[in-house]
Amino acid sequence: MSLKASPRAMVPFVSVDNMMRLVHRIGIETFIADLAQAIEEDFAKWDQFDKTPRVGSHSDVGVIELMPTSDGVLYGFKYVNGHPKNMGEGLQTVTAFGVLSDVYSGYPQLFTEMTLLTALRTAAMSAVATKHLAAPGADTMAMIGNGAQSEFQCLAVKAVCGVQTVRLYDIDPAATEKCARNLAGLGLNIITCTSPEQAVEGAQIITTATADKDMQTILTDNMVGAGVHINAIGGDCPGKTELHRDIVARASVFVEYPPQTRIEGEIQQMAPDHPVTELWQVITGQTKGRKSPDEVTLFDGVGFAIEDFSALRYVHQRIKDTPYYIDLDLIADPDDPRDLFGMLKRAK
Ligand code: NAD
């Protein structure tokens, strides 16, 4: 009987440091494009997944959430928080980690940081929505909210949709400067703006990723021209929205999983039966996305567990035969499965 857990109980762990190495080894844009493909693959087998709105624990200052799902072979969950006040205290608004497990044994197969991975997968998700919904030839995006998610969002639409120009705006000019500095030299034309009205000028795509635990009006109806595609990803909690109701009323609304989006998304402002289209149906070709050049399309993105599952699955594949993880002694696994106490006793 060994004191140590058996090798199969060792769980690969990807630290923040190793995630950064993995992303650079693959290349940021390739990584995001691969994630976009993984999301499309999983959305295409939508019916196979166990689906539930995420479980949120709300406080006055933020939310802590668990996001589980399974395709019957693998099970994944993410722990994630959302605390808009954190930024002012020198902390991240969003942090996360996640686990991927084997359904047959229940043993975890991967334990990983997901703060970076969430930014990458959220960007990949917006890019998937933009690819399927934006007007053909759209090459300019307004990026409103230039915090932690913003550079990832800009690079994703470049990598997946061929966007060439980004027009940046944040109420805090320091955030816009940071975003422009980080994106410099990465192949995008960058225009910094001093108002949201200036940012949306000439943009066929508008992405909002602002953080405030409140019903905000980042965009008003007069700012959204015919044919524009909007990714509204910052409003992702009950009581937290970004768009004026009139935009939501006028737009064709596309969502991830309606039971979650109706609680958390822009459509929480609307009647409970406000018409929406599920994005997976557009991805599989069951439903048309954009129906006319003048239509305003809105991806009311709140972030759904299947996107995290896709990201976990991708990282699990890509760390094989690399030095970008360590084995964690996470699961007690005595040689005699009934002798858990004996293992503890012998360790004294
Ligand atoms: P962050 O705090 O790093 O950045 C938010 C930025 O928004 C800040 O720079 C802030 O100055 C700016 N801002 C606030 N109010 C504004 C306004 N009225 N106009 C313009 N800019 C404004 O946060 P982050 O990590 O970038 O996340 C942004 C939002 O996206 C959060 O609300 C977060 O919960 C959400 N989010 C959604 C998903 C998803 O899957 N949909 C995933 C990750 C994060």
Side-chain angles (χ1 to χ4, degrees), residues 35 39 54 56 58 61-65 67 78 80-96 98 114-129 142-154 156 167-180 182 192-200 206-220 223 230-244 254-257 260-261 263-266 279 298-311:
L35 283 181
I39 290 170
R54 61 185 150 202
H58 297 270
V61 290
V63 62
I64 295 176
E65 299 165 326
M67 302 173 67
K78 179 169 85 173
V80 62
N81 77 299
H83 283 68
K85 59 92 190 155
N86 275 7
M87 200 224 327
E89 298 172 12
L91 299 171
Q92 291 278 291
T93 299
V94 175
T95 70
M114 285 192 85
T115 305
L116 280 162
L117 196 55
T118 292
L120 291 156
R121 80 84 158 115
T122 303
M125 187 65 225
S126 295
V128 167
M143 181 71 235
I144 301 184
N146 300 153
Q149 309 301 319
S150 60
E151 296 91 342
F152 298 90
Q153 292 286 325
C154 293
R167 303 175 63 85
L168 310 178
Y169 171 73
D170 194 291
I171 34 165
D172 180 358
T176 302
E177 272 168 43
K178 176 253 356 174
C179 185
N182 282 340
T192 58
C193 302
T194 52
S195 70
E197 288 80 5
Q198 188 194 352
V200 301
I206 304 173
T207 298
T208 54
T210 64
D212 209 327
K213 207 169 166 23
D214 211 348
M215 311 288 264
Q216 294 288 316
T217 308
I218 308 300
L219 294 179
T220 48
M223 290 164 70
I230 305 169
N231 299 304
I233 65 150
D236 58 355
C237 251
K240 182 167 168 240
T241 55
E242 294 182 300
L243 307 185
H244 191 283
F254 297 82
V255 302
E256 292 140 312
Y257 180 55
Q260 183 177 314
T261 312
I263 305 168
E264 301 181 351
E266 296 303 321
L279 203 55
L298 165 62
F299 171 49
D300 187 0
V302 293
F304 185 53
I306 294 177
E307 294 143 40
D308 298 309
F309 178 94
S310 308

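Counting starts at 1 for both ligands and their atoms, in listed order.
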Inset, instruction - May I ask you to decide whether E264 forms a salt bridge with R54, counting only side-chain N to carboxylate O separations under 4.0 Å? - result: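 Salt bridge: yes.
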Inset, instruction - Identify whether the distance between the nearest side-chain nitrogen and carboxylate oxygen of D212 and K240 falls below 4.0 Å. - result: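 No, this pair does not count.
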Using a 3.5 Å cut-off on N or O atoms only, is [X] in polar contact with ligand 1?
X	value
D236	yes
G234	yes
T93	yes

Protein heavy atom at shortest distance from [atom]:
atom	answer
atom 28 (C) of ligand 1	A209 O, 3.4 Å
atom 3 (O) of ligand 1	A148 N, 2.9 Å
atom 17 (C) of ligand 1	I218 CD1, 3.6 Å
atom 25 (O) of ligand 1	Q149 NE2, 2.9 Å

Legend entry - Closest to atom 41 (N) of ligand 1 (judged by heavy-atom distance), picking from I233, T118, N81, V94: I233
Inset, instruction - Could you check which of I171, D172, T208 puts a non-hydrogen atom nearest to atom 16 (C) of ligand 1? - result: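 The option holding the nearest heavy atom is I171.
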For [X], counting its heavy atoms only, list the atoms of ligand 1 lying under 4.0 Å from any of them.
X	value
T122	38 (C), 39 (C), 40 (O), 42 (C), 43 (C)
V302	39 (C), 40 (O), 41 (N)
K240	31 (C), 32 (O), 33 (C), 34 (O)
G147	3 (O), 4 (O), 6 (C), 9 (O), 26 (O)
G301	41 (N)
A175	9 (O)

What part of [X], side chain, backbone, both or neither, has a heavy atom within less than 4.0 angstrom of ligand 1?
X	value
D170	both
A211	both
T210	both

Legend entry - Between T93 and N86, a side-chain donor and acceptor under 3.5 Å: no
Legend entry - Short side-chain donor-acceptor distance under 3.5 Å, N231 and S126: no
Without swapping roles, check the side chain of [X] against the backbone of [Y] for a donor-acceptor pair under 3.5 Å.
X	Y	answer
N81	V94	no
Q198	T194	yes
D300	V255	no

Legend entry - Beyond-backbone contact of I144 with L219, side-chain heavy atoms, under 4.5 angstrom: yes
Legend entry - Chi angles and distances behind the side-chain contact (heavy atoms from CB on, under 4.5 Å) call for M114, R121: CA-CA 9 Å; M114 285 192 85; R121 80 84 158 115; 5.7 Å; no
Inset, instruction - Would you sort out whether E256 and E307 count as a side-chain contact (heavy atoms from CB on, under 4.5 Å), showing the intermediate values? - result: CA-CA 9 Å; E256 292 140 312; E307 294 143 40; 2.7 Å; yes
Legend entry - Results of side-chain hydrogen bond (donor to acceptor under 3.5 Å, both in side chains) for E242 - residues two or more places apart only: T208, T210
Inset, instruction - Can you sort out the partners of F304 under ring-ring contact (aromatic ring centres under 6.0 Å, His included), two or more places apart, ordered by chain and number? - result: W46, Y257
Legend entry - Residue-ligand contact F304/ligand 1, heavy atom below 4.0 Å: no
Inset, instruction - Decide whether the shortest distance between a heavy atom of R121 and an atom of ligand 1 is less than 4.0 Å. - result: yes
